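As structure tokens, the structure follows; a few thoughts come after it.
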Amino acid sequence: MAKMPFSLSMQFTADIIAQYIGGTVEGNGNIAVSNFAKIEEARQGNLTFLANPKYEHFVYSTKASIILVRNDFKPEKAVEATLIHVEDPYSALAQLMNLAAQAIKPNPQGIHSLACIEPDAQVAQDCYVGAFAYIGNGAKIESGAKIYPQVYIGPGCTVGAGTIVYPGAKIYYGCKIGQNCVIHSGAVIGADGFGFAPDSNGVYHKIEQLGIVEIADDVEIGANTTIDRSTMGRTYIDRGVKLDNLIQIAHNASVGHDTVIAAQTGVAGSTSLGANCIIAGQVGFAGHISIGDNVTIGAQSGIPNHVASGARLMGYPAVPAGDFARSVVYQKQLPDLYKRVKELENKIAELTKNDK
């Protein structure tokens, strides 16, 4: 794979882009682009992609200069744009956009004079720490980490090399963040788990949460997502996990490597999610259950029990996705079915009356 610098103020030809992403050019290899766009909105000088077949009709009408398509794509009619054939257009687009992001995103450096770093904290020389950020005693911020303004990092925390913590995120004491993670604004890592015990009079007393949150490498945590510290031991997020905004991970829960979870999902205490799972939005997991590897769960599903590896579920309570789809079809037929039943009842009543 060739190296290619990128800036949205620069132009790159189809030949150069294909060389970088390992693609094959069909059309004018000298045509150049300087920006990205959706296929239905693209203009001359834009690069776009086709990953979903339902958008194929835009290939023949788009004004984009370059389109990323699959290796096996064969146009049904003439295409004005230059095509770059790749194994996975979406993945190839991600490569190019990551490259562009490195060029256009701010790259702050140094430690701001208004940052508060306690004497016993360790901050690598090449870190960035923004104004009004706080780093507590005993905390360790490793090489290349970026701590944006108004971030709170409590005593004894570890933030791994290359990790980015965006403005306003809070990491409570003792928590461990791995390398090359991204924690977005408003995320709270290590708040107390929801633990209360009633006495004989029904008065609830707090159960102290003495554990930590540990996050492995290459994890991304969305804005306003919360991950609670454990009662004992750790709440654990394994490597490569991607959490959307507004997610709740409760105390002593764990999420297996490379699992992705969409917004407004809630994982109750001591529940274990396996590796490589795909969890859609607004899913609710009961506590103290185990979800296997490679599980897919549809939006707004309720998961009350253990789930075996490889399952595909949807509904509340969740059932196999195929069963759920069929039940939706049946539900749509209920008004007609009800009408037919009433007609049959009336006919039976009439026949019975005549027999008398």
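These numbers were taken from a predicted model, which means no experiment stands behind them. All residue numbers refer to positions in the sequence shown, counting from 1.
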Interatomic distance, Leu68 atom CG to Thr48 atom OG1 [nearest 0.5 angstrom]: 8.0 Å

From CG (Asp217) to CZ (Arg239), nearest 0.5 Å: 9.5 Å

Val260 with Ile247, same ILVMFWY side-chain cluster at under 4.5 Å: no

Over 12 foreign heavy atoms within 6.0 Å of CD, Gln44: no

Sidechain-backbone polar pair: Thr24 side chain, Asn71 backbone, donor-acceptor under 3.5 Å: no

Gap between atom CD1 of Ile67 and atom NE2 of His85 - 0.5 Å precision: 10.0 Å

Lys339 and Asp336 ion-paired at < 4.0 Å: no

Residues Asn46 and Lys63: side-chain donor-acceptor under 3.5 angstrom: no

Candidates Ile171, Ile183, Val213 - the one meeting side-chain contact (heavy atoms from CB on, under 4.5 Å) with Ile227: Val213

Mutual orientation of the aromatic rings belonging to Tyr128 and Tyr148 [parallel < 30°, tilted 30-60°, perpendicular > 60°]: perpendicular

Residue pair Ser272 / Ser290, side-chain donor-acceptor N/O under 3.5 Å: no

Glu118, CD atom: more than 12 neighbouring heavy atoms under 6.0 Å: yes

Worked check of side-chain hydrogen bond (donor to acceptor under 3.5 Å, both in side chains) between Gln248 and Thr226: CA-CA 5 Å; Gln248 157 71 1; Thr226 57; 2.5 Å; yes

Glu350 and Lys347: CA distance, side-chain angles, deciding distance, salt bridge (charged side-chain N to carboxylate O under 4.0 Å, His left out) verdict: CA-CA 5 Å; Glu350 186 68 26; Lys347 288 181 179 179; over 6 Å; no

Least distance between heavy atoms, Ala115 atom then Gly130 atom: CB-O, 3.4 Å

Donor-acceptor under 3.5 Å (Asp293 side chain, Gly274 main chain): no

Exceeds 12 heavy-atom contacts within 6.0 angstrom, atom OH of Tyr60: yes

Cation-pi check, Arg70 onto Phe73 ring (under 6.0 Å, within 45° of axis): no

Atom pair CG (Asp258) and CG (Asp218), whose distance is rounded to the nearest 0.5 Å: 9.0 Å

Asp244 versus Gln264, side-chain donor and acceptor atoms under 3.5 Å: no

Residues, nucleotides or ligands: over 12 heavy atoms within 6.0 Å of Glu220 CD: yes

Nearest-0.5 Å distance, CD1 of residue Ile237 to OG1 of residue Thr225: 10.0 Å

Short side-chain donor-acceptor distance under 3.5 Å, Ser143 and Asp126: yes

Any donor-acceptor pair under 3.5 Å from Asn30 side chain to Thr13 backbone: no

Side-chain donor/acceptor of Gln122 to backbone N/O of Lys140, under 3.5 Å: no

Atom pair CG (Asp192) and CD1 (Ile207), whose distance is rounded to the nearest 0.5 Å: 11.5 Å

His184 side chain to Asn245 side chain, donor-acceptor N/O pair below 3.5 angstrom: no

